[in-house]
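Bear in mind that the values here come from a model prediction, so they are computed numbers and not experimental data. Chain A is the first sequence line, chain B the second, and so forth, proteins listed ahead of strands; every chain is numbered from 1.
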Amino acid sequence: MRVLAIDTSNLVLSVAVVEKERVLAEMTTNQQKNHSVRLMDCISELLDATGTSPEQLSGFGVANGPGSYTGVRIGVATAKSMAWSLDVPVIGVSSLEVVAMNALGFPGLIVPLFDARRGQVYSGCYRTNGLDSVEVQGKEKIVLLREWLPQLRDMAQGESILFLGEDVRMHRETIAQELGEQARFATPALNHPRAAHIGYAALRRLQDGGSAHELVPEYLQLAEAEAKWLAQKQAGAVKE
Amino acid sequence: MGDFVMNKTKTSRYEMRIQEAWEAQKKSGAPVYILGIETSCDETSAAVVRDGREVLSNVIASQADIHKRFGGVVPEVASRRHVENITLTIEQALAEADKKLEDISAIAVTYGPGLVGALLVGVAAAKAISLARGIPLIGVHHIAGHIYANRLVQEMEFPLIALVVSGGHTELVWMKEHGQFEILGETRDDAAGEAYDKVARALNLPYPGGPHIDRLAHEGVANVPLPRSWLEPDSYDFSFSGLKSAVLNTLHNAAQRGETIEPANLAASFQDSVTEVLVEKTIRAVRNCQAKQVLLAGGVAANRGLRERLQARCEAEGIPLVIPPLSLCTDNAAMIAAAGYIKYEKGQFAALDLNGVPGLSLNENEQ
Ligand SMILES: [Zn+2]
(Lines give C-alpha, C1' and ligand atoms only; values in the text may rest on other atoms or scores of the structure.)
Protein backbone atom coordinates (compact mmCIF):
# COMPACT_ATOMS: atom_id res chain seq x y z
CA MET A 1 0.00 0.00 0.00
CA ARG A 2 1.63 3.18 -1.18
CA VAL A 3 0.06 6.56 -0.52
CA LEU A 4 0.95 9.94 -2.02
CA ALA A 5 0.39 12.84 0.36
CA ILE A 6 0.25 16.56 -0.45
CA ASP A 7 0.12 19.79 1.53
CA THR A 8 0.00 23.14 -0.30
CA SER A 9 -2.42 24.83 2.06
CA ASN A 10 -0.01 27.50 3.28
CA LEU A 11 3.47 28.76 2.37
CA VAL A 12 4.97 25.31 2.92
CA LEU A 13 4.91 22.85 0.05
CA SER A 14 5.22 19.25 1.23
CA VAL A 15 4.86 16.01 -0.71
CA ALA A 16 5.50 12.47 0.54
CA VAL A 17 5.27 8.85 -0.58
CA VAL A 18 4.63 6.53 2.36
CA GLU A 19 4.08 2.85 2.95
CA LYS A 20 2.54 1.28 6.04
CA GLU A 21 5.88 0.72 7.76
CA ARG A 22 8.08 3.35 6.21
CA VAL A 23 8.30 6.79 4.68
CA LEU A 24 9.80 6.30 1.22
CA ALA A 25 10.33 9.96 0.42
CA GLU A 26 9.34 13.38 1.59
CA MET A 27 10.06 16.83 0.23
CA THR A 28 9.25 20.00 2.09
CA THR A 29 10.08 23.60 1.25
CA ASN A 30 9.15 26.78 3.04
CA GLN A 31 10.13 29.47 0.58
CA GLN A 32 8.05 30.26 -2.45
CA LYS A 33 4.32 30.26 -2.76
CA ASN A 34 4.11 29.31 -6.44
CA HIS A 35 2.57 25.95 -5.62
CA SER A 36 0.74 25.82 -8.94
CA VAL A 37 4.06 25.88 -10.79
CA ARG A 38 6.02 23.57 -8.51
CA LEU A 39 3.66 20.94 -7.13
CA MET A 40 3.44 18.58 -10.10
CA ASP A 41 7.19 18.58 -10.78
CA CYS A 42 7.73 17.70 -7.10
CA ILE A 43 5.24 14.84 -7.32
CA SER A 44 6.78 13.57 -10.55
CA GLU A 45 10.24 13.77 -9.00
CA LEU A 46 9.19 11.92 -5.86
CA LEU A 47 7.45 9.18 -7.82
CA ASP A 48 10.56 8.67 -9.94
CA ALA A 49 12.86 8.80 -6.91
CA THR A 50 10.87 6.04 -5.18
CA GLY A 51 10.39 4.01 -8.36
CA THR A 52 6.64 4.40 -8.02
CA SER A 53 4.40 4.43 -11.06
CA PRO A 54 1.13 6.29 -10.47
CA GLU A 55 -0.80 3.04 -10.97
CA GLN A 56 0.96 1.59 -7.90
CA LEU A 57 -0.63 4.17 -5.60
CA SER A 58 -3.44 2.81 -3.42
CA GLY A 59 -4.66 6.19 -2.31
CA PHE A 60 -4.01 9.85 -1.72
CA GLY A 61 -3.96 12.12 1.28
CA VAL A 62 -4.22 15.89 1.11
CA ALA A 63 -4.32 18.76 3.57
CA ASN A 64 -7.74 20.22 2.76
CA GLY A 65 -7.61 23.42 4.81
CA PRO A 66 -7.90 25.74 6.49
CA GLY A 67 -5.22 27.93 4.95
CA SER A 68 -4.71 30.06 1.86
CA TYR A 69 -7.85 29.58 -0.24
CA THR A 70 -5.90 29.22 -3.46
CA GLY A 71 -3.25 27.01 -1.89
CA VAL A 72 -5.85 24.66 -0.44
CA ARG A 73 -7.63 24.46 -3.79
CA ILE A 74 -4.46 23.59 -5.69
CA GLY A 75 -3.77 20.68 -3.31
CA VAL A 76 -7.35 19.44 -3.23
CA ALA A 77 -7.95 19.78 -7.00
CA THR A 78 -4.70 17.93 -7.68
CA ALA A 79 -5.27 15.12 -5.16
CA LYS A 80 -8.90 14.52 -6.08
CA SER A 81 -8.17 14.56 -9.82
CA MET A 82 -5.25 12.14 -9.51
CA ALA A 83 -7.28 9.83 -7.24
CA TRP A 84 -10.34 9.97 -9.50
CA SER A 85 -8.31 9.23 -12.63
CA LEU A 86 -6.69 6.20 -10.94
CA ASP A 87 -9.94 5.08 -9.30
CA VAL A 88 -8.47 5.03 -5.77
CA PRO A 89 -9.63 6.79 -2.59
CA VAL A 90 -8.47 10.21 -1.44
CA ILE A 91 -8.61 11.40 2.15
CA GLY A 92 -8.75 15.04 3.23
CA VAL A 93 -6.84 15.75 6.42
CA SER A 94 -7.16 19.01 8.31
CA SER A 95 -4.18 21.28 7.66
CA LEU A 96 -4.17 22.07 11.39
CA GLU A 97 -4.17 18.39 12.36
CA VAL A 98 -1.10 17.87 10.16
CA VAL A 99 0.84 20.46 12.15
CA ALA A 100 -0.50 19.11 15.46
CA MET A 101 0.97 15.72 14.57
CA ASN A 102 4.43 17.25 14.92
CA ALA A 103 3.81 17.14 18.69
CA LEU A 104 2.80 13.49 18.97
CA GLY A 105 3.41 12.45 22.58
CA PHE A 106 3.19 15.95 24.04
CA PRO A 107 1.39 15.62 27.42
CA GLY A 108 -0.68 18.86 27.36
CA LEU A 109 -2.84 20.67 24.82
CA ILE A 110 -1.51 20.97 21.29
CA VAL A 111 -2.69 24.14 19.53
CA PRO A 112 -1.75 24.59 15.87
CA LEU A 113 -2.62 27.97 14.40
CA PHE A 114 -2.44 29.88 11.13
CA ASP A 115 -2.81 33.63 10.95
CA ALA A 116 -6.13 34.67 9.39
CA ARG A 117 -5.61 38.48 9.49
CA ARG A 118 -7.33 41.17 11.56
CA GLY A 119 -6.35 39.52 14.83
CA GLN A 120 -7.92 36.25 13.83
CA VAL A 121 -6.39 32.79 13.60
CA TYR A 122 -7.45 29.47 12.17
CA SER A 123 -6.93 27.12 15.07
CA GLY A 124 -8.01 24.01 16.90
CA CYS A 125 -7.12 22.19 20.07
CA TYR A 126 -5.63 18.70 19.96
CA ARG A 127 -4.54 15.96 22.33
CA THR A 128 -2.17 13.21 21.44
CA ASN A 129 -3.61 9.75 21.02
CA GLY A 130 -0.67 7.51 21.90
CA LEU A 131 2.21 8.15 19.53
CA ASP A 132 0.49 7.70 16.20
CA SER A 133 -2.35 10.18 16.02
CA VAL A 134 -3.88 13.31 17.49
CA GLU A 135 -7.51 13.95 18.31
CA VAL A 136 -9.29 17.25 17.98
CA GLN A 137 -10.99 18.61 21.11
CA GLY A 138 -14.11 20.43 20.00
CA LYS A 139 -14.07 22.05 16.59
CA GLU A 140 -11.50 23.85 14.47
CA LYS A 141 -12.46 27.44 13.86
CA ILE A 142 -11.54 30.92 12.81
CA VAL A 143 -11.38 32.97 15.99
CA LEU A 144 -9.96 36.17 17.43
CA LEU A 145 -6.73 35.21 19.15
CA ARG A 146 -7.54 37.33 22.22
CA GLU A 147 -10.80 35.40 22.65
CA TRP A 148 -9.20 32.03 21.91
CA LEU A 149 -6.44 32.25 24.53
CA PRO A 150 -8.72 32.45 27.62
CA GLN A 151 -10.80 29.57 26.23
CA LEU A 152 -7.65 27.50 25.92
CA ARG A 153 -6.66 28.31 29.50
CA ASP A 154 -10.02 26.96 30.70
CA MET A 155 -9.64 23.81 28.64
CA ALA A 156 -6.07 23.17 29.78
CA GLN A 157 -6.86 23.21 33.53
CA GLY A 158 -3.27 23.94 34.42
CA GLU A 159 -1.64 21.72 31.79
CA SER A 160 0.85 23.21 29.35
CA ILE A 161 -0.34 24.46 25.99
CA LEU A 162 1.99 23.97 23.04
CA PHE A 163 1.54 26.44 20.17
CA LEU A 164 2.61 25.22 16.75
CA GLY A 165 2.73 26.66 13.26
CA GLU A 166 4.76 29.01 11.10
CA ASP A 167 2.63 32.00 12.15
CA VAL A 168 3.09 31.49 15.91
CA ARG A 169 6.11 33.82 15.61
CA MET A 170 3.76 36.70 14.75
CA HIS A 171 1.67 36.19 17.87
CA ARG A 172 4.19 34.83 20.35
CA GLU A 173 4.20 37.96 22.51
CA THR A 174 0.42 38.12 22.80
CA ILE A 175 0.28 34.45 23.71
CA ALA A 176 3.05 34.69 26.31
CA GLN A 177 1.44 37.76 27.85
CA GLU A 178 -1.89 36.04 28.26
CA LEU A 179 -0.74 32.56 29.29
CA GLY A 180 2.68 33.12 30.79
CA GLU A 181 4.60 29.95 31.63
CA GLN A 182 1.68 27.78 30.62
CA ALA A 183 2.35 28.59 26.95
CA ARG A 184 5.03 26.48 25.32
CA PHE A 185 6.82 27.02 22.03
CA ALA A 186 8.70 24.48 19.95
CA THR A 187 11.82 24.39 17.83
CA PRO A 188 11.16 25.78 14.31
CA ALA A 189 11.56 22.24 12.98
CA LEU A 190 8.16 21.36 14.48
CA ASN A 191 6.31 24.33 13.04
CA HIS A 192 5.87 23.36 9.43
CA PRO A 193 3.53 20.65 8.13
CA ARG A 194 5.04 17.39 6.91
CA ALA A 195 3.21 15.47 4.22
CA ALA A 196 4.34 12.15 5.73
CA HIS A 197 1.94 12.79 8.62
CA ILE A 198 -0.87 13.21 6.08
CA GLY A 199 0.16 9.94 4.51
CA TYR A 200 -0.34 8.07 7.81
CA ALA A 201 -3.58 9.86 8.68
CA ALA A 202 -4.81 8.90 5.20
CA LEU A 203 -3.63 5.27 5.52
CA ARG A 204 -5.69 4.89 8.70
CA ARG A 205 -8.82 6.20 6.96
CA LEU A 206 -8.47 4.78 3.45
CA GLN A 207 -10.87 1.90 4.08
CA ASP A 208 -13.62 4.49 4.79
CA GLY A 209 -13.82 5.07 1.04
CA GLY A 210 -12.71 8.61 0.39
CA SER A 211 -14.67 9.57 -2.74
CA ALA A 212 -12.78 11.96 -5.00
CA HIS A 213 -16.00 13.71 -6.08
CA GLU A 214 -16.95 14.45 -2.49
CA LEU A 215 -13.60 15.81 -1.35
CA VAL A 216 -13.88 19.58 -0.90
CA PRO A 217 -11.77 22.15 0.93
CA GLU A 218 -12.59 23.20 4.49
CA TYR A 219 -12.16 26.96 4.39
CA LEU A 220 -13.74 27.51 7.84
CA GLN A 221 -15.33 30.67 6.49
CA LEU A 222 -17.64 31.76 3.72
CA ALA A 223 -16.41 33.81 0.78
CA GLU A 224 -16.82 37.48 1.71
CA ALA A 225 -19.50 38.11 -0.91
CA GLU A 226 -21.52 35.15 0.34
CA ALA A 227 -21.27 36.24 3.96
CA LYS A 228 -22.46 39.75 3.04
CA TRP A 229 -25.30 38.39 0.96
CA LEU A 230 -26.45 36.06 3.74
CA ALA A 231 -26.35 38.89 6.27
CA GLN A 232 -28.48 41.06 3.98
CA LYS A 233 -30.87 38.19 3.39
CA GLN A 234 -31.27 37.62 7.12
CA ALA A 235 -31.96 41.31 7.55
CA GLY A 236 -34.72 40.88 4.96
CA ALA A 237 -33.03 43.24 2.52
CA VAL A 238 -32.97 40.85 -0.42
CA LYS A 239 -35.30 38.21 -1.66
CA GLU A 240 -34.08 35.35 -3.77
CA MET B 1 6.32 29.22 -17.38
CA GLY B 2 7.92 29.15 -13.97
CA ASP B 3 11.67 29.14 -13.56
CA PHE B 4 11.79 26.35 -10.99
CA VAL B 5 12.99 23.32 -12.87
CA MET B 6 13.83 20.17 -10.97
CA ASN B 7 16.28 17.65 -12.23
CA LYS B 8 16.07 18.75 -15.84
CA THR B 9 19.29 16.97 -16.75
CA LYS B 10 17.32 13.72 -16.70
CA THR B 11 14.12 13.00 -18.59
CA SER B 12 11.35 12.14 -16.18
CA ARG B 13 9.33 8.97 -16.49
CA TYR B 14 6.35 11.22 -17.17
CA GLU B 15 8.02 12.91 -20.14
CA MET B 16 8.95 9.53 -21.60
CA ARG B 17 5.40 8.25 -21.18
CA ILE B 18 3.98 11.32 -22.92
CA GLN B 19 6.37 10.99 -25.86
CA GLU B 20 5.59 7.29 -26.21
CA ALA B 21 1.84 7.88 -26.03
CA TRP B 22 2.00 10.53 -28.74
CA GLU B 23 4.21 8.51 -31.07
CA ALA B 24 2.04 5.40 -30.62
CA GLN B 25 -1.08 7.42 -31.42
CA LYS B 26 0.53 8.94 -34.54
CA LYS B 27 1.65 5.54 -35.75
CA SER B 28 -1.79 3.98 -35.22
CA GLY B 29 -3.64 6.54 -37.34
CA ALA B 30 -6.62 6.09 -35.01
CA PRO B 31 -8.93 9.05 -34.30
CA VAL B 32 -7.66 11.64 -31.83
CA TYR B 33 -9.90 12.12 -28.82
CA ILE B 34 -9.19 15.26 -26.84
CA LEU B 35 -10.57 15.90 -23.38
CA GLY B 36 -11.12 19.64 -22.98
CA ILE B 37 -11.29 21.40 -19.62
CA GLU B 38 -12.42 25.02 -19.17
CA THR B 39 -12.70 26.89 -15.84
CA SER B 40 -11.59 30.42 -16.72
CA CYS B 41 -14.70 32.19 -15.41
CA ASP B 42 -17.93 30.88 -13.92
CA GLU B 43 -18.60 27.75 -16.00
CA THR B 44 -17.02 24.43 -15.08
CA SER B 45 -16.89 22.61 -18.39
CA ALA B 46 -15.44 19.39 -19.78
CA ALA B 47 -15.82 17.92 -23.27
CA VAL B 48 -14.61 15.18 -25.58
CA VAL B 49 -13.93 16.12 -29.20
CA ARG B 50 -12.87 13.77 -32.01
CA ASP B 51 -10.20 14.97 -34.45
CA GLY B 52 -10.76 18.58 -33.53
CA ARG B 53 -14.07 18.71 -35.39
CA GLU B 54 -16.70 16.47 -33.86
CA VAL B 55 -18.21 17.10 -30.42
CA LEU B 56 -18.89 13.83 -28.60
CA SER B 57 -19.84 15.57 -25.36
CA ASN B 58 -19.78 19.08 -23.96
CA VAL B 59 -20.83 19.28 -20.31
CA ILE B 60 -21.24 22.75 -18.81
CA ALA B 61 -21.90 23.14 -15.08
CA SER B 62 -23.08 26.74 -15.02
CA GLN B 63 -22.88 28.87 -11.91
CA ALA B 64 -24.93 31.70 -13.43
CA ASP B 65 -27.71 31.32 -10.85
CA ILE B 66 -25.28 31.62 -7.96
CA HIS B 67 -23.58 34.74 -9.26
CA LYS B 68 -26.83 36.43 -10.21
CA ARG B 69 -27.47 37.24 -6.56
CA PHE B 70 -24.16 39.13 -6.39
CA GLY B 71 -24.82 41.08 -9.60
CA GLY B 72 -21.67 39.71 -11.24
CA VAL B 73 -19.16 36.89 -11.08
CA VAL B 74 -17.43 36.71 -7.68
CA PRO B 75 -14.01 35.11 -8.28
CA GLU B 76 -13.73 33.39 -4.88
CA VAL B 77 -17.21 31.90 -5.17
CA ALA B 78 -16.50 30.73 -8.74
CA SER B 79 -13.23 29.08 -7.68
CA ARG B 80 -14.96 27.25 -4.83
CA ARG B 81 -17.60 25.86 -7.16
CA HIS B 82 -14.99 24.75 -9.70
CA VAL B 83 -13.15 22.63 -7.16
CA GLU B 84 -16.44 21.03 -6.06
CA ASN B 85 -17.54 20.28 -9.63
CA ILE B 86 -14.36 19.49 -11.48
CA THR B 87 -14.06 15.68 -11.33
CA LEU B 88 -17.83 15.17 -11.61
CA THR B 89 -17.94 17.33 -14.74
CA ILE B 90 -15.02 15.48 -16.35
CA GLU B 91 -16.55 12.11 -15.49
CA GLN B 92 -19.85 13.15 -17.02
CA ALA B 93 -18.14 14.36 -20.21
CA LEU B 94 -16.41 10.98 -20.62
CA ALA B 95 -19.62 9.07 -19.88
CA GLU B 96 -21.66 11.09 -22.40
CA ALA B 97 -18.97 10.54 -25.03
CA ASP B 98 -18.89 6.84 -24.11
CA LYS B 99 -15.11 7.09 -23.66
CA LYS B 100 -12.70 6.14 -20.90
CA LEU B 101 -9.48 7.90 -19.94
CA GLU B 102 -7.50 5.21 -21.79
CA ASP B 103 -9.19 6.34 -25.03
CA ILE B 104 -8.11 9.95 -24.54
CA SER B 105 -5.18 11.14 -26.68
CA ALA B 106 -4.58 14.43 -24.85
CA ILE B 107 -6.00 16.79 -22.25
CA ALA B 108 -6.43 20.40 -23.39
CA VAL B 109 -6.99 23.00 -20.69
CA THR B 110 -7.56 26.76 -20.67
CA TYR B 111 -4.61 28.39 -18.90
CA GLY B 112 -5.51 32.03 -19.57
CA PRO B 113 -6.76 34.65 -19.77
CA GLY B 114 -9.37 34.58 -17.01
CA LEU B 115 -9.82 34.67 -13.25
CA VAL B 116 -6.62 33.30 -11.77
CA GLY B 117 -8.21 31.31 -8.94
CA ALA B 118 -10.69 29.79 -11.35
CA LEU B 119 -8.06 28.96 -14.00
CA LEU B 120 -5.90 27.24 -11.38
CA VAL B 121 -8.54 24.62 -10.60
CA GLY B 122 -8.82 23.45 -14.21
CA VAL B 123 -5.05 23.60 -14.72
CA ALA B 124 -4.39 21.61 -11.51
CA ALA B 125 -6.94 18.96 -12.49
CA ALA B 126 -5.60 18.66 -16.04
CA LYS B 127 -2.00 18.32 -14.87
CA ALA B 128 -3.00 15.79 -12.19
CA ILE B 129 -4.78 13.53 -14.68
CA SER B 130 -2.00 13.99 -17.22
CA LEU B 131 0.64 12.81 -14.74
CA ALA B 132 -1.48 10.05 -13.20
CA ARG B 133 -2.44 8.52 -16.54
CA GLY B 134 0.45 9.52 -18.79
CA ILE B 135 -1.79 11.54 -21.10
CA PRO B 136 -0.22 14.49 -23.00
CA LEU B 137 -1.13 17.93 -21.67
CA ILE B 138 -1.96 20.95 -23.86
CA GLY B 139 -2.34 24.54 -22.67
CA VAL B 140 -4.96 26.48 -24.64
CA HIS B 141 -5.56 30.23 -24.84
CA HIS B 142 -9.20 31.01 -24.07
CA ILE B 143 -9.66 33.25 -27.14
CA ALA B 144 -8.10 30.61 -29.40
CA GLY B 145 -10.78 28.33 -27.96
CA HIS B 146 -13.57 30.77 -28.84
CA ILE B 147 -12.25 31.04 -32.40
CA TYR B 148 -11.95 27.27 -32.80
CA ALA B 149 -15.58 26.81 -31.72
CA ASN B 150 -16.22 27.66 -35.37
CA ARG B 151 -14.35 24.60 -36.55
CA LEU B 152 -16.92 22.45 -34.76
CA VAL B 153 -19.45 23.88 -37.22
CA GLN B 154 -17.55 24.45 -40.44
CA GLU B 155 -13.98 24.00 -41.70
CA MET B 156 -11.88 27.16 -41.51
CA GLU B 157 -10.62 28.87 -44.66
CA PHE B 158 -7.54 31.04 -44.48
CA PRO B 159 -6.81 33.85 -44.27
CA LEU B 160 -9.72 34.64 -42.01
CA ILE B 161 -10.88 37.37 -39.67
CA ALA B 162 -12.37 36.46 -36.30
CA LEU B 163 -14.39 38.88 -34.21
CA VAL B 164 -14.39 37.69 -30.60
CA VAL B 165 -16.86 39.48 -28.36
CA SER B 166 -17.81 38.51 -24.84
CA GLY B 167 -18.23 39.81 -21.31
CA GLY B 168 -14.45 39.71 -20.89
CA HIS B 169 -13.03 40.45 -24.33
CA THR B 170 -13.46 42.29 -27.62
CA GLU B 171 -10.85 41.28 -30.15
CA LEU B 172 -10.35 41.35 -33.89
CA VAL B 173 -8.00 38.53 -34.87
CA TRP B 174 -6.37 37.73 -38.20
CA MET B 175 -5.43 34.12 -38.88
CA LYS B 176 -3.20 33.13 -41.81
CA GLU B 177 -3.23 29.47 -40.91
CA HIS B 178 -4.10 27.04 -38.15
CA GLY B 179 -2.70 27.93 -34.75
CA GLN B 180 -1.45 31.39 -35.86
CA PHE B 181 -3.19 34.38 -34.36
CA GLU B 182 -2.50 38.02 -34.94
CA ILE B 183 -4.48 40.51 -32.90
CA LEU B 184 -5.41 43.42 -35.17
CA GLY B 185 -7.32 45.28 -32.51
CA GLU B 186 -8.73 44.96 -29.03
CA THR B 187 -10.62 47.05 -26.54
CA ARG B 188 -8.73 49.83 -24.81
CA ASP B 189 -11.15 49.94 -21.88
CA ASP B 190 -14.34 47.94 -21.36
CA ALA B 191 -15.15 44.75 -23.22
CA ALA B 192 -18.33 45.02 -25.30
CA GLY B 193 -20.17 42.62 -23.00
CA GLU B 194 -19.08 44.65 -19.99
CA ALA B 195 -20.53 47.83 -21.53
CA TYR B 196 -23.79 45.95 -22.12
CA ASP B 197 -23.92 44.89 -18.47
CA LYS B 198 -23.23 48.41 -17.21
CA VAL B 199 -25.84 50.01 -19.46
CA ALA B 200 -28.31 47.31 -18.45
CA ARG B 201 -27.72 48.15 -14.79
CA ALA B 202 -28.38 51.83 -15.52
CA LEU B 203 -31.69 50.80 -17.10
CA ASN B 204 -32.50 48.63 -14.06
CA LEU B 205 -32.41 45.43 -16.10
CA PRO B 206 -31.42 42.19 -14.36
CA TYR B 207 -27.90 40.67 -14.53
CA PRO B 208 -26.56 39.55 -16.95
CA GLY B 209 -27.89 42.48 -18.92
CA GLY B 210 -26.74 41.73 -22.48
CA PRO B 211 -29.71 39.60 -23.56
CA HIS B 212 -32.17 42.11 -22.01
CA ILE B 213 -30.67 45.04 -23.95
CA ASP B 214 -30.77 42.98 -27.13
CA ARG B 215 -34.46 42.14 -26.56
CA LEU B 216 -35.38 45.75 -25.68
CA ALA B 217 -33.43 47.10 -28.65
CA HIS B 218 -35.67 45.14 -30.99
CA GLU B 219 -38.72 46.85 -29.47
CA GLY B 220 -37.34 50.35 -29.85
CA VAL B 221 -36.10 52.87 -32.41
CA ALA B 222 -32.49 54.06 -32.46
CA ASN B 223 -33.39 57.75 -32.17
CA VAL B 224 -31.15 58.82 -29.26
CA PRO B 225 -27.96 60.42 -30.59
CA LEU B 226 -24.94 58.53 -29.19
CA PRO B 227 -21.27 58.69 -30.22
CA ARG B 228 -19.41 56.15 -32.37
CA SER B 229 -15.92 55.48 -31.10
CA TRP B 230 -13.83 55.01 -34.26
CA LEU B 231 -10.50 56.04 -32.64
CA GLU B 232 -7.65 56.77 -35.11
CA PRO B 233 -8.61 56.26 -38.78
CA ASP B 234 -6.41 53.17 -39.24
CA SER B 235 -7.00 51.67 -35.81
CA TYR B 236 -8.75 48.37 -35.29
CA ASP B 237 -8.98 48.96 -31.53
CA PHE B 238 -12.24 49.47 -29.70
CA SER B 239 -13.35 51.70 -26.86
CA PHE B 240 -16.73 51.44 -25.18
CA SER B 241 -16.35 53.43 -21.98
CA GLY B 242 -17.14 56.76 -23.69
CA LEU B 243 -20.32 55.31 -25.13
CA LYS B 244 -21.28 53.89 -21.76
CA SER B 245 -20.75 57.33 -20.15
CA ALA B 246 -22.82 58.98 -22.90
CA VAL B 247 -25.70 56.63 -22.11
CA LEU B 248 -25.44 57.36 -18.40
CA ASN B 249 -25.29 61.13 -19.07
CA THR B 250 -28.31 60.97 -21.36
CA LEU B 251 -30.31 59.24 -18.60
CA HIS B 252 -29.04 61.65 -15.95
CA ASN B 253 -29.77 64.81 -17.98
CA ALA B 254 -33.24 63.62 -18.90
CA ALA B 255 -34.00 62.87 -15.25
CA GLN B 256 -32.86 66.37 -14.25
CA ARG B 257 -35.15 67.92 -16.82
CA GLY B 258 -37.97 65.74 -15.56
CA GLU B 259 -38.20 63.96 -18.92
CA THR B 260 -38.28 60.23 -19.49
CA ILE B 261 -36.41 58.42 -22.20
CA GLU B 262 -38.04 55.34 -23.61
CA PRO B 263 -35.68 52.55 -22.42
CA ALA B 264 -36.29 50.55 -25.60
CA ASN B 265 -35.14 53.48 -27.74
CA LEU B 266 -32.06 54.00 -25.62
CA ALA B 267 -31.25 50.28 -25.79
CA ALA B 268 -31.69 50.34 -29.57
CA SER B 269 -29.45 53.42 -29.90
CA PHE B 270 -26.77 51.91 -27.68
CA GLN B 271 -26.82 48.61 -29.53
CA ASP B 272 -26.70 50.47 -32.84
CA SER B 273 -23.54 52.29 -31.82
CA VAL B 274 -21.80 49.16 -30.54
CA THR B 275 -22.65 46.95 -33.49
CA GLU B 276 -21.90 49.60 -36.12
CA VAL B 277 -18.34 50.00 -34.85
CA LEU B 278 -17.78 46.26 -34.39
CA VAL B 279 -19.11 45.39 -37.84
CA GLU B 280 -17.48 48.20 -39.80
CA LYS B 281 -14.03 47.51 -38.30
CA THR B 282 -14.47 43.84 -39.08
CA ILE B 283 -15.35 44.57 -42.70
CA ARG B 284 -12.37 46.92 -43.05
CA ALA B 285 -10.11 44.14 -41.72
CA VAL B 286 -11.65 41.68 -44.17
CA ARG B 287 -10.80 43.98 -47.09
CA ASN B 288 -7.29 44.76 -45.92
CA CYS B 289 -6.38 41.15 -45.17
CA GLN B 290 -8.24 39.75 -48.18
CA ALA B 291 -9.96 37.34 -45.84
CA LYS B 292 -11.88 34.39 -47.21
CA GLN B 293 -14.02 33.92 -44.13
CA VAL B 294 -15.39 35.84 -41.15
CA LEU B 295 -15.88 34.10 -37.81
CA LEU B 296 -17.97 35.48 -34.99
CA ALA B 297 -17.14 34.07 -31.57
CA GLY B 298 -17.68 34.66 -27.87
CA GLY B 299 -20.79 34.99 -25.74
CA VAL B 300 -21.95 38.25 -27.38
CA ALA B 301 -22.24 36.34 -30.68
CA ALA B 302 -25.64 35.37 -29.26
CA ASN B 303 -26.68 39.01 -29.65
CA ARG B 304 -29.32 39.20 -32.37
CA GLY B 305 -28.55 42.81 -33.28
CA LEU B 306 -24.88 42.02 -33.88
CA ARG B 307 -25.60 38.83 -35.83
CA GLU B 308 -28.12 40.51 -38.12
CA ARG B 309 -25.92 43.49 -38.89
CA LEU B 310 -22.81 41.40 -39.49
CA GLN B 311 -24.77 38.98 -41.67
CA ALA B 312 -26.12 41.80 -43.84
CA ARG B 313 -22.70 43.42 -44.25
CA CYS B 314 -20.93 40.15 -45.02
CA GLU B 315 -23.56 39.32 -47.62
CA ALA B 316 -23.08 42.73 -49.23
CA GLU B 317 -19.30 42.10 -49.30
CA GLY B 318 -19.80 38.58 -50.62
CA ILE B 319 -17.81 37.00 -47.83
CA PRO B 320 -18.90 33.85 -45.96
CA LEU B 321 -19.73 34.35 -42.29
CA VAL B 322 -19.65 31.53 -39.73
CA ILE B 323 -21.46 31.86 -36.41
CA PRO B 324 -21.49 28.85 -34.12
CA PRO B 325 -24.67 27.88 -32.29
CA LEU B 326 -25.17 29.60 -28.95
CA SER B 327 -24.06 26.56 -26.94
CA LEU B 328 -20.61 26.84 -28.53
CA CYS B 329 -20.42 30.67 -28.29
CA THR B 330 -20.54 30.89 -24.52
CA ASP B 331 -17.65 29.43 -22.53
CA ASN B 332 -17.39 25.68 -23.05
CA ALA B 333 -14.72 22.99 -23.11
CA ALA B 334 -15.45 21.62 -26.60
CA MET B 335 -13.93 24.77 -28.12
CA ILE B 336 -10.84 24.29 -25.92
CA ALA B 337 -10.48 20.70 -27.13
CA ALA B 338 -10.90 21.87 -30.74
CA ALA B 339 -8.12 24.45 -30.35
CA GLY B 340 -5.98 21.92 -28.48
CA TYR B 341 -6.16 19.53 -31.43
CA ILE B 342 -4.02 21.87 -33.56
CA LYS B 343 -1.27 21.81 -30.92
CA TYR B 344 -1.66 18.05 -30.54
CA GLU B 345 -0.93 17.53 -34.22
CA LYS B 346 2.28 19.53 -33.83
CA GLY B 347 3.26 17.81 -30.57
CA GLN B 348 3.19 21.12 -28.68
CA PHE B 349 2.70 19.84 -25.18
CA ALA B 350 2.79 21.74 -21.91
CA ALA B 351 5.14 20.79 -19.08
CA LEU B 352 3.97 20.02 -15.54
CA ASP B 353 4.84 23.57 -14.46
CA LEU B 354 1.96 24.95 -16.57
CA ASN B 355 0.40 27.79 -14.59
CA GLY B 356 -2.82 29.76 -14.80
CA VAL B 357 -2.01 33.11 -16.44
CA PRO B 358 -4.82 35.66 -15.91
CA GLY B 359 -3.48 38.17 -18.47
CA LEU B 360 -2.17 35.69 -21.04
CA SER B 361 -1.78 37.26 -24.47
CA LEU B 362 -2.66 35.42 -27.62
CA ASN B 363 0.88 35.77 -28.99
CA GLU B 364 2.47 34.41 -25.79
CA ASN B 365 0.43 31.32 -26.48
CA GLU B 366 2.54 30.66 -29.57
CA GLN B 367 5.70 28.84 -28.57
ZN1 LIG C 1 -15.01 33.42 -23.01
Item checked: Shortest non-hydrogen separation from Met40(A) to Ala128(B) and the atoms involved -> CE-CA, 3.6 Å
Item checked: Non-hydrogen side-chain atoms of Arg38(A) and Asp353(B) separated by less than 4.5 Å -> no
Item checked: Heavy-atom closest pair, residues Ser36(A) and Asn355(B) -> OG-OD1, 2.6 Å
Notebook entry, point to check: Any side-chain heavy-atom pair from Arg69(B) and Lys233(A) closer than 4.5 angstrom?
Noted result: no
Margin query: Does Gln31(A) have more than 12 heavy atoms from other residues, nucleotides or ligands lying within 6.0 Å of its CD?
Written below: no
Margin query: For a quick test of reading the model, state the closest non-hydrogen atom pair linking Thr78(A) to Ala124(B) and the distance between them.
Written below: OG1-CB, 3.6 Å
Note to self: Minimum heavy-atom separation for Ala223(A) and Glu76(B), please, with both atom names.
What the structure shows: CB-CG, 3.6 Å
Note to self: Any carboxylate oxygen within less than 4.0 angstrom of a Lys/Arg side-chain nitrogen, looking at Glu55(A) and Arg17(B)?
What the structure shows: yes
Margin query: For a quick test of reading the model, state the closest non-hydrogen atom pair linking Ser44(A) to Tyr14(B) and the distance between them.
Written below: OG-CB, 4.1 Å
Next item on the list: Among the options Leu131(B), Leu120(B), Val74(B), pick out the one with the most heavy-atom pairs lying under 4.5 Å from chain A.
Entry: Leu131(B)
Notebook entry, point to check: If we only count heavy atoms from C-beta on, is the Ser53(A) to Arg13(B) side-chain gap below 4.5 Å?
Noted result: yes
Check: Where do His213(A) and Glu84(B) land on the side chain to side chain donor-acceptor pair (under 3.5 Å) test, with the steps shown first?
Finding: CA-CA 7 Å; His213(A) 292 324; Glu84(B) 287 163 20; over 6 Å; no
